[in-house]
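Contents: one structure, followed by commentary.
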Amino acid sequence: PPEETTAPDDESDDGDNTALIVLAIIAAAGLLVAVIALATRRKSTPAPASDPRRQVVATARWVHDQLSLELLALPPGESQQRWAVERSRLDRLVIDTRTISPDRNAPQAWETLAQSVAALQSQLDTAIRLRATPGADADLVRESVDLANGRRAALQQALLVVQQL
């Protein structure tokens, strides 16, 4: 019987390999185009406008957590200097909070926040002046600082209400 010999199918293997390579290149190119299109779309999409409510809450939180504590802890002269710089930020915060209140849900909560900031601002002003007054009654100074801390607590409560909206 004649022996069967099989000839190597080099030509068909090369065709299969070439087709696989071409297919892989096409798939990689398609993936690259998709990634570039996605990256371009993300860059060209305008950033959402910042929510003024978030900015107001963040600033009020900063006043409560940092500024008011620093002003009450700094030596009187440094406290006065810092207050001279930062007081206008509290003025702006009260205005911004009141601007938000008519346009949003729960306007009373925003108005309460504005009133809390204004009350703290007024009490900080008093406490800072009293602490810097030579010969001021120590009990009066202490009471003024205690009142400022009470205003801080009221601001904290107003912030909690607004943050839940």
Side-chain angles (χ1 to χ4, degrees), residues 26-165:
I26 290 172
L31 184 61
L32 181 63
V33 168
V35 168
I36 290 172
L38 184 61
T40 303
R41 185 183 325 155
R42 283 186 183 164
K43 287 181 183 177
S44 66
T45 303
S50 69
D51 185 353
R53 293 173 297 177
R54 283 186 174 172
Q55 185 64 37
V56 162
V57 168
T59 303
R61 173 71 48 210
W62 170 78
V63 167
H64 175 271
D65 294 348
Q66 294 178 14
L67 179 64
S68 59
L69 290 175
E70 288 176 15
L71 289 169
L72 295 172
L74 285 170
E78 290 178 39
S79 184
Q80 282 184 309
Q81 290 174 350
R82 178 84 190 268
W83 184 236
V85 172
E86 300 294 352
R87 190 176 198 294
S88 64
R89 284 178 88 171
L90 274 75
D91 289 335
R92 183 80 236 160
L93 178 59
V94 170
I95 291 167
D96 290 347
T97 305
R98 287 198 166 125
T99 302
I100 286 172
S101 100
D103 298 334
R104 306 291 181 194
N105 293 336
Q108 185 56 45
W110 290 101
E111 180 57 29
T112 300
L113 180 61
Q115 290 171 357
S116 296
V117 171
L120 176 58
Q121 179 182 20
S122 176
Q123 191 57 46
L124 284 171
D125 200 42
T126 300
I128 290 167
R129 274 188 285 129
L130 270 175
R131 288 178 60 225
T133 302
D137 182 349
D139 289 336
L140 190 58
V141 170
R142 191 173 21 265
E143 182 180 336
S144 179
V145 170
D146 288 345
L147 286 171
N149 283 319
R151 301 291 187 208
R152 287 184 65 254
L155 176 57
Q156 172 69 15
Q157 289 303 310
L159 277 166
L160 290 174
V161 170
V162 168
Q163 287 175 317
Q164 292 175 359
L165 298 178

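Predicted model, so just to flag it, every value in this text is computed and none were measured.
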- Does any non-hydrogen side-chain atom of Leu120 lie less than 4.5 Å from one of Val63? yes
- Query: Can Arg142 and Asp146 be said to form a side chain to side chain contact (heavy atoms under 4.5 Å, CB included), step by step?
  - Reply: CA-CA 6 Å; Arg142 191 173 21 265; Asp146 288 345; 4.2 Å; yes
- Message: Walk me through whether Trp83 and Leu90 qualify under side chain to side chain contact (heavy atoms under 4.5 Å, CB included).
- Response: CA-CA 10 Å; Trp83 184 236; Leu90 274 75; 4.0 Å; yes
- Message: A quick test of your reading: do over 12 heavy atoms of other residues, nucleotides or ligands sit less than 6.0 Å from CD of Glu70?
- Response: yes
- Message: Test your reading of the model: is there a side-chain donor-acceptor pair from Ser116 to the backbone of Thr112, 3.5 Å cut-off?
- Response: yes
- Message: Would Leu72 and Leu124 count as a side chain to side chain contact (heavy atoms under 4.5 Å, CB included) here? Give the steps.
- Response: CA-CA 8 Å; Leu72 295 172; Leu124 284 171; 4.0 Å; yes
- Message: To the nearest 0.5 Å, what is the distance between CD on Gln66 and CD on Glu86?
- Response: 10.5 Å
- Message: Is there a side-chain contact between Arg53 and Val162 in this structure, where contact means two heavy atoms from C-beta onward sitting under 4.5 Å apart?
- Response: no
- What pairs of residues pass the salt bridge (Lys or Arg N to Asp or Glu O under 4.0 Å) test when at least one of them lies in residues 149-165, not counting sequence neighbours? none
- For residues 114-136, pull every pair meeting salt bridge (Lys or Arg N to Asp or Glu O under 4.0 Å), keeping only residues two or more places apart or in separate chains. Arg87-Asp125, Asp125-Arg129
- Note on the structure: Sorted by chain and number, sequence neighbours left out, side-chain hydrogen bond (donor to acceptor under 3.5 Å, both in side chains) with Ser79 holds for none
- Any donor-acceptor pair under 3.5 Å linking the side chain of Thr97 with the backbone of Leu113? no
- Query: Does any non-hydrogen side-chain atom of Leu160 lie less than 4.5 Å from one of Gln156?
  - Reply: yes
- Query: In Å, rounded to the nearest 0.5 Å, how long is the span from CG of Leu159 to CD of Gln164?
  - Reply: 11.0 Å
- Note on the structure: Between the OG atom in Ser122 and the CG atom in Leu147, the distance rounded to the nearest 0.5 Å is 10.5 Å
- Message: How long is the straight-line distance from CG of Asp96 back to CG of Asp91, given to the nearest 0.5 Å?
- Response: 11.0 Å
- Indicate the atoms forming the closest heavy-atom contact of Leu155 with Ala60, along with that distance. CD2-O, 3.9 Å
- Message: Main chain of Ser144, side chain of Gln123: is a donor-acceptor contact present, judged purely on distance under 3.5 Å?
- Response: yes
- Query: Do Val145 and Leu130 have side-chain heavy atoms sitting under 4.5 Å apart?
  - Reply: no
